[in-house]
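First up is the structure itself, then whatever we jot down about it.
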Amino acid sequence: MADQRIVIAIDGPSGAGKSTVARGVAERLGYLYVDSGAMYRAIGLFVFEQGIDPANAAAVAAGAATIEVNLDKTAVGVRVRVNGRDVTEAIRQPQVAQVTSRVSTIPEVRKLLVPQQQRIGPGGGIVMEGRDIGTVVFPRAELKIFLTASAEVRAQRRFEQQREQGIQSSLEKTRQEVHERDRRDSTRTVSPLLQAPDAVYLDSTALTAREVVEVVVRLARKREEAGPERRV
Ligand code: DC
């Protein structure tokens with residue numbers, strides 16, 4: 001029996017398997033799974049559809065402030081809604097991913113979403129994945145994982161995932177997109193993708209998702225047993 005429901009932060013580059021692992025860990029522990037990238041993607045989709053220039057920070061920030069983003073847990077998984085409209089599938093388009101990576105460099109966008117994410121934390125029992133969860137959103141999370149894999153494997157996984165979602169692409173194009181997003185997500189000045197000093201580094205290149213889930217669940221159980229030190 002768990003002694004304490006903790007906060008688990010999973011960060012890493014795109015295609016490292018964060019979503020699969022975070023969802024699997026949440027399921028095993030009976031925790032809430034939160035995909036922070038989906039919130040950034042919801043704003044990216046809005047900007048894309050409204051034809052707002054992603055480089056125009058003021059216009060993006062003004063637009064983002066007018067929309068309401070919700071992650072709703074349903075019988076068929078978490079649904080992402082923007083002003084009530086279900087955008088769960090629409091936010092996965094590769095063009096939206098590129099716009100999202102650009103709008104997420106805007107400080108006002110992060111100032112809008114980070115507090116929303118932090119409000120989910122204090123009770124514990126959550127697994128949140130993203131780029132800045134262990135560094136900015138929950139710097140005192142009991143367990144932080146930095147999940148990565150080789151660039152080639154990440155591009156292949158992203159390509160497979162897109163194919164399953166019915167998105168047309170080529171491996172070469174996906175490789176370039178992953179590379180471009182890595183570069184942007186890691187070099188932006190506000191909350192860049194960084195490994196927190198106290199994060200556990202996990203390279204999933206040669207591991208299956210199930211194996212990674214196993215490692216994280218084991219670490220989480222140890223932290224749960226460590227006692228009532230609520231750090232968030
Ligand atoms: O995890 P993802 O691929 O769905 O994320 C989409 C984009 O959102 C990614 O390019 C960077 C951004 N993002 C971010 O800046 N901070 C987060 N915590 C999560 C995602």
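Order of appearance sets the numbers: ligands from 1, and atoms from 1 within every ligand. What you see below is based on every heavy atom in this structure, not just the backbone, and it leaves out hydrogens, waters and symmetry mates.
Glu129 and Tyr33 are linked by a side-chain donor-acceptor pair at a separation below 3.5 angstrom, with hydrogens and angles left out of the test. The closest side-chain donor-acceptor pair between Arg119 and Gln116, if any, does not fall under 3.5 angstrom. Judged by distance alone, the side chains of Arg79 and Thr74 never bring a donor and an acceptor atom under 3.5 Å apart. Between the side chains of Asp203 and Thr205, a donor-acceptor pair is found at a separation under 3.5 Å. The closest side-chain donor-acceptor pair between Gln165 and Gln161, if any, does not fall under 3.5 angstrom.
Lys18 places a side-chain N or O within 3.5 Å of a backbone atom of Pro13 that can act as its donor or acceptor partner.
Using a 4.0 Å cut-off between charged nitrogen and carboxylate oxygen, Arg163 and Glu160 count as a salt-bridge pair.
Proximity of Ile43 to Leu113: side-chain heavy atoms (C-beta onward) are separated by under 4.5 Å at one or more points.
Protein heavy atom nearest atom 19 (C) of ligand 1, with residue, atom name and distance: Ser36 OG, 3.4 Å. Distance from atom 1 (O) of ligand 1 to its nearest protein heavy atom, with residue and atom name: Arg131 NH1, 2.9 Å. At the top of the distance list for atom 20 (C) of ligand 1, counting protein heavy atoms only, stands Gly37 CA, 3.5 Å. The protein heavy-atom contact nearest to atom 4 (O) of ligand 1 is Arg41 NE, 2.6 Å. What sits closest to atom 18 (N) of ligand 1 on the protein, heavy atoms only, is Asp132 OD1, 2.8 Å.
Each of the following atoms of ligand 1 lies closer than 4.0 Å to a heavy atom of Ser104: 11 (C), 12 (C), 15 (O). Which parts of ligand 1 touch Arg188 is read off a 4.0 Å heavy-atom cut-off, strictly below it: atoms 14 (C), 15 (O), 16 (N).
Proximity annotation for atom 7 (C) of ligand 1: of Val178, Val99, Thr100, Thr100 comes nearest, heavy atoms only. With atom 16 (N) of ligand 1 as the reference point, the heavy atom nearest to it among Arg110, Glu180, Gln98, Lys18 is part of Arg110.
Counting heavy atoms closer than 4.0 Å to ligand 1, residue Arg181 contributes side-chain atoms (C-beta onward) but none from N, CA, C or O.
Of the N or O atoms in Asp185, one or more lie within a sub-3.5 Å distance of an N or O in ligand 1.
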